[in-house]
Q: 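Here it is: the structure, laid out below.
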Amino acid sequence: MNVINFRDANCAHCYKCLRNCDVKAIRIKNGQAQIVQDMCIFCGHCTEICPQQAKTFDSDLEYVKHMLKHREHLVVSLDPSYSGLLNLNQPKKIVDALYKLGFQDVRETAEGAALITQEYVKLIQEGKMENIITTSCPSIIYLVEKHYPMLIPYLAPVISPMIAHGKMIKKRMGKHVKVVFIGPCVAKKMEAEADRRTAGAVDAVIEFNELEKWLEEEGIDINTCEEREFTNPDPKVNRLYPVPTGIMRAVDAYYGPGKYKMMTVNSVKSAREILHSMKRGYLKNCFVELHLCAGVCVNGPGVNKRRGFRFKAAMNIEDTVCPEPVYLENPLTPEEMARSFTPSQVINKMPSEAEIREILKTIGRSNSDTEFNCGACGYMSCREKAIAIYQGKAEASMCLIRSYENACSQANVVMDNIPSIVMIMDKDFRIREFNKKAEAVFGVTRVQALKTYLFDYIDTAEFEEVYKTHIPKIHMKKKWDYYKMTVLETIVYVENADRILTVIDDVTADEEREEKLMMRKLNSIKMAQEVIDKQMTTAQQIAGLLGETTAETKATLNELRDYMLEEEDA
């Protein structure tokens, strides 16, 4: 069962989830993040930090609505953090709101916590365990089983308050009853439904975020509801479980100081640090209240993370809790209260030193000087990433520095080889980019140009107009008399960067060719006109001569005719 799901289409190659996963239970394949189930501790932190919301919690809400529609007997086990995390002016109004949604009974999970506190007290009194790690947080159990299996003997062999409460409800009310846990935790769903050792006690898990949306959909305003009592007896100090030191204070209320030194740790990083200390044998006779979420359950992944709200939520809970013990009748047998643990660490094959060096070469890290160890890919060092690539959990393309270097290299190739002048200016027309063609034309190096302004080289009137109007000017022909050049200027405003980009083509040679061609055309026309004029003159001269000859011929022929006529008359 996948408690946390991925939407591949939304994954943006940012690797933020991998950077924030302390146990590296995320693999990147074809640019997409995937959960490594064998390593995941189901803390749900990746669902919180994903900027693209590509990771989602596998919701039971529709299943719960389906059961309500079919009139099944549903009992709520409500995590005690409700009084701090839900927007309540009176905590007990949540009971009426849940009844309005259709639940038949509403009880506090702290009722189960009271049973667990008593079990912790027994373990302390027995004093048989070298160290005791609380097992109320299922993510802590999965962390130890999968990543510190040598510390399993330190895990308190006791079920969690949620599981104890679910078992208690079903034992008292019947197996036909469906228990729905409502709280701030993702790992509870794994514990309730997918872990065969604890499955069956709770039938569905709903996050507080889901509950608030559901109430909004149904038009139920909690603060206009009536105050109603929970059906369970007041669990008193056991309501402190979701706040820092809550378990310790509950245990202390029952037992008081003993042979064990009390410690509390919350957050994945801190939890791993103390587990490392235990692994090395630095800690003895410690009762450790261990939680995966910084701030404990009031800062779980299933709550609205408003800045600083978890501290307010913790104080709200503190203000409403009676710090006294309560002794409840436990309907569960010792066997039903017991919890077993199984080592499930995945041992990945490690590459040889030669294989690591070869992989480092493929990502452009051929020696220690080029190993930046920036952590952008999610791994603390290039070497660690190379090992992950060997194990199939990472890809060479994940190196953001390498991608940046490649992009810059390709951009530099374009900038260095394009036959046009390319410049980028800021709003003050200070030069921010200056390519090799510009260096050649203006006679300055790029380093020198980046300290100057555009008006140090050319007139900026057109550029100022483009910056002001954001309307580009395309292929404007200009004469640069100073540089003895004719150019075509293209000026564009880059909105996202608030920059002016210009690409200027030198068309001087083209202009000279055009001018020479025009001169040739004019010369050809002139020569043609001269020929025409000469021919016209010649034609006119010929015509004149022909005219004279014709007249003379006519006169002669007339005389000849007259002469012949005279002879006939004679």
Side-chain angles (χ1 to χ4, degrees), residues 4 6 8-41 43 45-46 49-52 54-55 142-143 146-150 267-273 275-277 279-280 344-417 433 446:
I4 302 171
F6 284 79
D8 287 350
N10 287 23
C11 195
H13 310 278
C14 69
Y15 315 123
K16 190 173 183 180
C17 57
L18 184 55
R19 286 195 299 276
N20 285 272
C21 182
D22 285 89
V23 295
K24 295 295 177 277
I26 294 175
R27 87 163 50 89
I28 306 297
K29 189 172 183 180
N30 298 324
Q32 302 292 316
Q34 300 175 350
I35 294 288
V36 182
Q37 294 289 330
D38 292 341
M39 299 178 67
C40 183
I41 56 177
C43 63
H45 295 160
C46 61
I49 53 86
C50 179
Q52 303 300 320
K55 300 165 191 67
Y142 300 130
L143 177 64
K146 294 182 178 184
H147 300 277
Y148 300 91
M150 71 294 298
S267 85
V268 182
K269 183 177 180 181
S270 297
R272 295 196 71 186
E273 285 178 1
L275 292 174
H276 275 298
S277 295
K279 180 180 175 180
R280 293 184 176 92
S344 53
Q345 186 176 26
V346 176
I347 306 298
N348 292 301
K349 184 181 178 182
M350 293 295 291
S352 66
E353 185 63 29
E355 287 170 322
I356 292 174
R357 300 309 312 171
E358 191 60 34
I359 294 172
L360 286 170
K361 285 181 182 179
T362 66
I363 59 175
R365 305 289 168 247
S366 55
N367 55 63
S368 58
D369 293 335
T370 59
E371 292 179 24
F372 294 105
N373 302 324
C374 65
C377 64
Y379 292 96
M380 293 304 295
S381 68
C382 296
R383 184 183 180 84
E384 187 179 335
K385 180 193 171 181
I387 294 171
I389 291 174
Y390 176 85
Q391 294 170 346
K393 294 188 289 184
E395 297 176 321
S397 60
M398 290 167 57
C399 182
L400 299 184
I401 290 180
R402 185 189 180 204
S403 298
Y404 174 75
E405 289 172 343
N406 288 340
C408 288
S409 176
Q410 292 171 14
N412 289 337
V413 168
V414 173
M415 290 287 285
D416 289 346
N417 291 279
E433 192 52 74
R446 179 178 178 276

Q: Drop me the distance from Asn348's CG to Lys24's NZ, to the nearest 0.5 angstrom.
A: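 It is 13.5 Å, given to the nearest 0.5 Å.
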
Q: Hey, what do you get for CG (Asp22) to OG (Ser270), rounding to the nearest 0.5 Å?
A: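 Reported to 0.5 Å precision, the distance equals 9.5 Å.
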
Q: Measure the OG-CD1 distance between Ser381 and Ile387 for me, rounded to the nearest 0.5 Å.
A: 7.0 Å

Q: Quick one: side chain to side chain donor-acceptor pair (under 3.5 Å) partners of Lys393, sequence neighbours excluded?
A: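 Side chain to side chain donor-acceptor pair (under 3.5 Å) list for Lys393, sorted by chain: Gln391.
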
Q: Compare all side-chain heavy atoms of Glu395 with those of Met398 and state whether any distance is below 4.5 angstrom.
A: yes

Q: Check step by step if side chain to side chain contact (heavy atoms under 4.5 Å, CB included) holds for Glu358 and Lys361.
A: CA-CA 5 Å; Glu358 191 60 34; Lys361 285 181 182 179; 4.2 Å; yes

Q: Applying side-chain contact (heavy atoms from CB on, under 4.5 Å), can you list everything that pairs with Lys29, at least two apart in sequence or on another chain?
A: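 Per chain and number, Lys29 pairs via side-chain contact (heavy atoms from CB on, under 4.5 Å) with Gln34.
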
Q: Can you give me the closest heavy-atom contact between Gln345 and Pro149, atom names plus distance?
A: OE1-CG, 3.2 Å

Q: Provide the closest heavy-atom pair for Cys17 versus Ile49 in the form atom of the first, atom of the second, distance.
A: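 Where Cys17 meets Ile49 most closely, the heavy atoms are CA-CD1, 3.5 Å.
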
Q: List for me each residue that meets side chain to side chain donor-acceptor pair (under 3.5 Å) alongside Ser277, sequence neighbours excluded, and say none if there are none.
A: none

Q: Please report the shortest heavy-atom distance between Cys382 and Leu360, naming the atom on each side.
A: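 For Cys382 versus Leu360, the nearest heavy atoms are O-CD2, 3.6 Å.
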
Q: Can you tell me how far apart NZ (Lys385) and SG (Cys374) are? Round to the nearest 0.5 Å.
A: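 Rounded to the nearest 0.5 Å, the NZ-SG separation comes to 8.5 Å.
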
Q: Considering non-hydrogen atoms only, spot the tightest contact between Cys377 and Tyr15 and give its length.
A: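 The pair with the smallest heavy-atom distance is O-CB, 3.6 Å.
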
Q: Atom CE of residue position Met380 - does it have more than 12 heavy atoms of other residues, nucleotides or ligands inside 6.0 Å?
A: no

Q: Given side chain to side chain contact (heavy atoms under 4.5 Å, CB included), test Ile26 with Val36 step by step and report yes or no.
A: CA-CA 5 Å; Ile26 294 175; Val36 182; 5.8 Å; no

Q: Is the side chain of Lys146 donor-acceptor paired with the backbone N or O of Cys40 at a distance under 3.5 Å, no angle test?
A: yes

Q: Taking only residues two or more places apart in sequence or in another chain, which ones pass side chain to side chain donor-acceptor pair (under 3.5 Å) with Tyr379?
A: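 Side chain to side chain donor-acceptor pair (under 3.5 Å) list for Tyr379, sorted by chain: empty.
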
Q: With sequence neighbours left out, write down each residue that passes side-chain contact (heavy atoms from CB on, under 4.5 Å) with Thr362, or none if nothing qualifies.
A: Ile359

Q: Run the side chain to side chain contact (heavy atoms under 4.5 Å, CB included) test on His147 and Leu275 for me, step by step, so that the C-alpha distance in whole Å, both residues' side-chain angles and the decisive distance to 0.1 Å come before the verdict.
A: CA-CA 10 Å; His147 300 277; Leu275 292 174; over 6 Å; no

Q: Using every non-hydrogen atom in the two residues, find where Leu143 and Ala271 come nearest and quote the distance to one decimal.
A: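 Scanning both residues, the minimum pair turns out to be CD2-CB, 4.3 Å.
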
Q: Could you pull out all residues at least two apart from Asp38 that satisfy side-chain contact (heavy atoms from CB on, under 4.5 Å)?
A: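 Scan of Asp38 (side-chain contact (heavy atoms from CB on, under 4.5 Å), adjacent residues dropped) gives Val346.
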
Q: Considering only residues two or more places apart or on different chains, which pairs with a residue in residues 346-355 satisfy salt bridge (Lys or Arg N to Asp or Glu O under 4.0 Å)?
A: Glu353-Arg383

Q: Not counting sequence neighbours, which residues clear side-chain contact (heavy atoms from CB on, under 4.5 Å) with Glu433? List them please.
A: Met415, Ile424, Arg446

Q: Name all residues meeting the side chain to side chain donor-acceptor pair (under 3.5 Å) criterion together with Arg272; count only those two or more places apart in sequence or in a different chain, and write none if there are none.
A: Tyr148

